[in-house]
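See below for the structure under consideration.
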Amino acid sequence: MSIDLDLQRKVEAILFAAKEPLTVEQIEVRLPQGTDVRAILRALKDTYETRGFTLTQSGNHWAFRTAADLSDILEHQKEEQRQLSRAAMETLAIVAYHQPVTRAEIENIRGVATSKGTLDILMEAGWVKPGRRRQVPGKPLTWITSEDFLDHFGLETIMELPGVEELKASGLLDKRPAIETIPGTPNMFEEEELTAQQEAQESENT
Amino acid sequence: MSIDLDLQRKVEAILFAAKEPLTVEQIEVRLPQGTDVRAILRALKDTYETRGFTLTQSGNHWAFRTAADLSDILEHQKEEQRQLSRAAMETLAIVAYHQPVTRAEIENIRGVATSKGTLDILMEAGWVKPGRRRQVPGKPLTWITSEDFLDHFGLETIMELPGVEELKASGLLDKRPAIETIPGTPNMFEEEELTAQQEAQESENT
Amino acid sequence: MTDNFEEDNWQDSKDKQESLLLNLDGFEGPIDVLLNLARDQKVDLVKISILELVNQYLGFIEQAKKIKLELAADYLLMAAWLAYLKSRLLLPKEENNQDEPSGEEIAEALAFQLRRLEKIQETAELLFARPQLGQEVFARGMPEGISSSTDAQYEANLYDIILAYGDIQQRAEHSSYEIKPFNLMSMDEAAKRLSTMLGTLPKSGRNTVWATLEQFLPENLIDALMSRSAMASMFTAGLEMAKQGKLEIRQDGNFNPIYLRGKTE
């Protein structure tokens, strides 16, 4: 199938000018009705496959990005990045691989309570966001990764996460508590914290 | 003359990522000694002549620019994106969490008077819209969030907004010995459900 | 035989434990320490000896106590739990109790927990080894920007909104903590004042002279709330002392003055 070169020009101009990755729908509204944007995007992806910048897809969003193998030459462009704590990196990995995942499940997998500044750093970075509430008592919020996360790590979908197939096959994606009695599960910590708080309040009252 | 494609890739990546137009010399220092940058730039200029973006030269500076003839589909933004004011941000947050909510209730929660302009801005942004009138004396208008709000903030439903206790638990809020809720602000979700039920009953009665 | 093997291994790992102890701050809790000890067994985690691991952890805690290192409660809790697990594993098997998992089942669950955490730590590294935007991969440096009817004119993201809401909530919490303590007269204070003042009143036989309740109140009470509380506390203290037989109370009619007089036994 040959793709109208004029439409290709338009799509690449739109993507080139955009500050943020664009959805197919955001591109569609600028083009004549009935334009097959997806087909054009696929053609453009092929066209730029071997160039210095390539057309990348993250979720439903498309953007031009420099080719990953040219990082050496672009060293000077490197932006300063906040060093993430190990806790934050692990938490991000858990959200990415186990999503949708509740905070309690994250704590279960890590074996420690989530400290301040873990999920909020990831949310501030725009990598994780709240997902649906789990339909269990307490309706806990789940956390999922965003399309910015995919864009940042150069992934088309979360199925492209490194090692995801292996992890799935190994049964280690089970996010249930391994066993309720293992210490270090969050419930214990919460109870402790609560007790400490209650005690503090009680001593204030007397 | 054939130009090394690898060098072309590098030059186009450098130009693509650059935050300002670059001189030949600025490009040269990033490439192997003796690279004929001018020749590469000329070749690239030819390559992109007919594309949606072109390599343009002004004086000794080079940059990629979207093709001039496509400006109408890009409609370059005349206005910079504006930062939402503190008052507007808080008002939006209250509408999101407490909807449907009247202006008096918003003021009550914020503890300060809310100018009419604040809600206007949010309406103009397309994030809030008027809801039903509250069935109390004066029949005040309530405010709710729009579909655009969900779209823009990447939520499927309003239920996905993390609750205050969840925020605290996630470290998103500074932890203080806490009172569970502000007095007089019923849980939005309960109220919503209630309203929905009432509406169902009301429509049955009519 | 097996026990000896484990003992030896435990001795060998003592040096390792000491270096672990020095780095305790770098650990994310007891599970993390366990995982590190497990890695030192240098076998596939699937084949790990939980019993040996338990010994190592208990040894680790012993060492910590010996050099008087302050251990967080969760490390000690884990030690206690592991000691329990060890006894379950070593003791002859009890009758099959359906309600309680067997020692082996608990051990397997712990091994699973460790494998899962190890895998996540590995994949976190793999993830961050990928080319990242702004580090190895770059967006266009000079985007012209496009306008769109669907794009918002205002910059705001979900995080901003949630933070704004959190601020409002915290303001509300703050103000609820700013309630000042009321200035009130306590019962103790009133009782003390009453008995002191009764002692100074002129005597008439076994009793003092009658005095009105108002006369016992502190002078110059301006604050209305304080006046009312002083009146109430004095009256209640008076009732209590009357019950104890220390004074008598008299009121000649509704809304008439209340008189008090001291009584000596």
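Model, not experiment: these values are computed from the prediction. Heavy atoms only: backbone and side chains are in, while hydrogens, waters and symmetry mates are out. Residue numbers begin at 1 in each chain, while the letters A, B, ... track the order of the sequences.
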* To the nearest 0.5 angstrom, please state how far the NZ atom of B:Lys10 sits from the CG atom of A:Asp69. => 8.5 Å

* Structure fact -> If you tally heavy-atom pairs under 4.5 Å between each of A:Gln77, A:His76, A:Glu147 and chain B, the highest tally belongs to A:His76

* Asked: Parallel under 30°, tilted from 30 to 60°, perpendicular over 60°: which one fits the rings of B:Phe53 and A:Phe16?
  -> parallel

* Count the heavy atoms of every other residue, nucleotide or ligand shown that sit under 6.0 Å from CD of B:Glu25, and state whether that count exceeds 12. => yes

* How long is the span from the CZ atom in B:Arg51 to the CG atom in A:Leu5, to the nearest 0.5 Å? -> 5.5 Å

* Does CZ belonging to A:Arg86 count more than 12 external heavy atoms closer than 6.0 Å? -> yes

* Answer with side chain, backbone, both or neither: which region of A:Leu70 has an atom nearer than 4.5 Å to a non-hydrogen atom of chain B? => side chain

* Looking at B:Thr157, B:Val11, B:Thr50, which one has more heavy-atom pairs under 4.5 Å with chain A than the rest? -> B:Thr50

* To do: Measure distances from A:Leu44 to the heavy atoms of chain B and classify the residue's part below 4.5 Å as side chain, backbone, both or neither.
  => side chain

* To do: Evaluate the side-chain proximity of A:Ile144 to B:Glu160: yes if any heavy-atom separation is below 4.5 Å, no if none is.
  => no

* Asked: Shortest non-hydrogen contact from A:Leu74 to B:Ala13?
  -> CD2-O, 3.8 Å

* Asked: In terms of heavy-atom contacts, does CD of A:Gln99 have more than 12 from other residues, nucleotides or ligands at under 6.0 Å?
  -> yes

* **A:Arg134 atom CZ: more than 12 heavy-atom contacts under 6.0 Å** => yes

* Segment of A:Thr47 engaging chain B (4.5 angstrom heavy-atom cut-off) -> side chain

* Asked: Measuring heavy-atom distances to chain A, does B:Ile27 have an atom under 4.5 Å in its side chain, in its backbone, in both, or in neither?
  -> neither

* To do: Enter the distance from A:Ile73:CD1 to B:Leu7:CG here, rounded to the nearest 0.5 Å.
  => 8.0 Å

